Amino acid sequence: MTVRLFNTLTGVKEEFVPLRDDRVTMYVCGPTVYDHPHIGNWRCFVVFDTVRKYLKYRGFDVIYVQNFTDVDDKVIRKAHETGQSPKDVAKKYIAEYLREATILDIERADVHPRATLHIDDMIELVQRLLAGGHAYESAGSLYFDTTSFPEYGKLSKQKIEDLQAGARVEPDENKRHPLDFVIWKGHKPGEPAWESPWGPGRPGWHLECSAMAMKYLGATLDIHAGGSDLIFPHHENEIAQSESATGQKFARYWMHNAFLNIGGERMGKSLGNFYTLGELLEKYPPDAIRFFLLSAHYRKPLEFSEKALNAAARGMSRLKAVAGRLQRMRLAVPVDAPSRGGRDTQGVRGARRTEGDGGKGADRGEEEWLQRIASSRRDFEAYMDDDFNTADAFAVLFDLAREINARFPDSPSDALLDAAIAFYKDAGYVLGVLREFRGIPAPFSPGIGTKVQDGEVGRHADMTKIVGGLISLIVGIRDQARKSKDYQTADRIRERLTDMEIVLEDTPEGTRWRFKGQ
RNA sequence: GGCGACGUAGCCAAGUGGCAAGGCGGGGGUCUGCAAAACCCUUAUUCGGCGGUUCAAAUCCGCCCGUCGCCUCCA
């Protein structure tokens, strides 16, 4: 099987074949660093992080580039509003982006180029366009001449005439054609400017992606991705510029994600109907948020609601629980009395008893279980191969989880446990969930109620330890009460802890506690 | 006006020709000192509406209704 993906350029699902054997070059349009991204923005970053990871899982060496737009109208406006320099604004929000991306288990790009550090590359690109007759100077600015690129409109499937018809483009006297776009803006007072052969100014928005993508990934990239709002004009313009300059195809596969909706409408900064990651993290664990963002196919709109987030959190909780069980089985040392094989399978016997003999409960042998794990992995791959169907991929994890909870062997072989654990770890890596299970420490524990703040990380780690110790102490006291049949006291303690979102579970192996949702 | 999506159970959502995934929620059980967790059973004879093609359609075609996005900064 091979990976198939929907290519916006051709409008169909295609087999994915990278230009160079096992190497994939991928460019994803990154954030404009003037504020925190909202959760709708994060959908894009999470989706393409997942694409990247799956391609890596598939054995491709992925070179992933994601830019930071650190000079544009919004950055400049923010700077004026806050009395900072545009540079400081960008610096702050780049740091914020990277911190929040880590929380969502988004891997660092191989290169995170910043527009302001690539002015020379952009000037060079403008010069090539000028030399090729694709650009012209007008009133101190430089424009791309869209009529010089016959294929203009091929990505958005628009005809130049149609675009003109409805466009509410404010007439720019300096443009020869309404669709022409600025590639170099002449200097205006109060704006940052760089020297250029055409005098001081700053780069146009579309130019940076072309220049930086080609600088790090070559004239032709395998995958170029972004939100579907970027199809036109941003990506259309990138194609026009890049292909006019190089004469080569700019990107072979274009991928675009659909929006996150709220109340049926697109979540957006300007509409004010957005949630930031920080807000959601106060109520939901990061992998629940990530699961939610991947619970619909990336090309379909996804409806945001707290209800949906809650559902995702509960679901993730189940997945984490089964992963935890597998891990405890793997780590368990056989100190228990041999007569009691059941390690963490409480309820299993009862379930079997009530099941009667419907056949469903028939025990599988070791070999059959290994095959079952293998078939889950195959299903997972088949769904991901099909244009990254994360919704179905998650369904595979849930199906297997139920079976494991219901009737996994009491004494599985190491090989079987390893196979099950490896599958959940691999799938968890690709989908960006089950972080603790994968051995990656959580950036923070939401249940403790401490917000992640710069400089507080160390202190918070101590708090985690202290709180954990205190809970264990209280749980120990409660267990004493239970042993002496003082259930009134035991229940009171449990109720109080439950009120604090600390869940107690009495099992044959003793009492376990966890934060709600964990 | 041009281009492009979407409408599947209470909610989120997969499925694009062969008897409707998965998650959450609801109902009923098992287990438990009681819980929690887990498991079992159950919860859409039906996929916006009406026609058509087909042995067979949520899936293809046509029309209609409704919602949304892009065409302007926007993930």
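The figures that follow rest on heavy atoms only: side chains count, while hydrogens, waters and symmetry mates do not. The shown structure was predicted, so the numbers you read here are calculated from the model rather than taken from an experiment.
Distance, Leu504(A) CG to A36(B) P: 13 Å, rounded to whole Å. The distance between atom CZ of Phe394(A) and atom P of C24(B), rounded to the nearest whole Å, is 13 Å. In this structure, His256(A) atom NE2 and A5(B) atom C1' are separated by 14 Å, rounded to whole Å.
Look at C73(B): it lacks any Watson-Crick or wobble partner with both distances under 3.5 angstrom. Remark: A44(B) base-pairs with no nucleotide; criterion is Watson-Crick or G-U wobble with both hydrogen-bond distances under 3.5 Å. U53(B) is unpaired under the criterion used here, namely a Watson-Crick or G-U wobble arrangement in which both key atom distances are under 3.5 Å. Across all strands shown, A14(B) remains unpaired; no Watson-Crick or G-U wobble contact has both distances below 3.5 Å. Judged by Watson-Crick or G-U wobble contacts below 3.5 Å, the nucleotide G66(B) has C6(B) as its partner. Of the nucleotides present, G29(B) is the one that pairs with C39(B) by Watson-Crick or G-U wobble criteria, both distances under 3.5 Å.
Closest to the side chain of Tyr487(A), from the set G33(B), A75(B), G23(B), is G33(B). Residue Arg325(A) places its side chain closer to A38(B) than to any other of G33(B), A38(B), G22(B). Distance from the side chain of Phe398(A) is smallest to G23(B) among C70(B), A75(B), G23(B). Closest to the Glu505(A) side chain, of the nucleotides A37(B), G23(B), G33(B), is A37(B). Distance from the side chain of Thr32(A) is smallest to A75(B) among A75(B), C70(B), G22(B). With C24(B), G33(B), A75(B) as the choices, the nucleotide that has an atom nearest any side-chain atom of Arg266(A) turns out to be A75(B).
Between Asn310(A) and Ser156(A), the residue anchored closer to the 5' end of RNA chain B is Ser156(A), taking for each the nucleotide with the nearest heavy atom. RNA chain B is contacted by both Asp72(A) and Asp491(A); Asp491(A) maps to the nucleotide lying nearer its 5′ end (nearest heavy atom per residue).
When heavy atoms are screened at a 4.0 angstrom cut-off, Gly40(A) is found touching base atoms of the nucleic acid. When heavy atoms are screened at a 4.0 angstrom cut-off, Lys157(A) is found touching the sugar-phosphate backbone but no base atom. At a threshold of 4.0 angstrom between heavy atoms, the contacts of Met267(A) include nucleobase atoms, whether or not backbone atoms are also involved. Nucleic acid contact for Arg77(A): none, since no nucleic acid atom lies under 4.0 Å from a heavy atom of the residue. Counting any heavy atom pair closer than 4.0 Å across all strands shown, Phe232(A) reaches sugar-phosphate atoms only and no base atom.
Ring geometry, Phe232(A) versus Tyr152(A): the interplanar angle exceeds 60°, so the pair is classed perpendicular (tilted spans 30 to 60°). In this pair, His36(A) and Tyr93(A) present their aromatic rings perpendicular. The plane angle is above 60°, beyond the 30 to 60° band.
Atom CD of Gln488(A) has 12 or fewer neighbouring heavy atoms from other residues, nucleotides or ligands inside a 6.0 Å radius.
Between Asn261(A) and C68(B) there is no side-chain N or O to OP1 or OP2 distance below 4.0 Å.
With Thr507(A) contributing its side chain and Gly510(A) its backbone, the two residues share a donor-acceptor pair below 3.5 Å. Looking only at distances, a side-chain donor or acceptor of Ser228(A) sits under 3.5 Å from a matching main-chain atom of Asn257(A).
Near RNA chain B, defined here as any heavy-atom distance below 4.0 Å, the residues from residues 41-53 of chain A are Asn41(A), Cys44(A), listed numerically.
Between the side chain of Arg482(A) and the base of G33(B), a donor-acceptor pair under 3.5 Å is found. Side chain Asp229(A) to base C73(B): no donor-acceptor pair is found below 3.5 Å. Judged by distance alone with a 3.5 Å cut-off, a donor-acceptor contact links the side chain of Arg494(A) to the base of C34(B).
In the model, Asp229(A) has no side-chain atom that pairs as donor or acceptor with a side-chain atom of His234(A) under 3.5 Å.
One distance of note links CG of Leu293(A) with SG of Cys44(A); it measures 11.0 Å at 0.5 Å rounding.
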Quick one, give me the B/S/- string for nucleotides 6-16 of chain B, reading 5' to 3', where B means a protein heavy atom under 4.0 Å from the base and S means that only happens at the primed atoms, P, OP1 or OP2. S----SSSSS-
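Annotation: C65(B) and G27(B) have their P atoms spaced 41 Å apart (nearest Å). Using C1' as the reference atom, G15(B) and G7(B) are 15 Å apart when rounded to the nearest Å.
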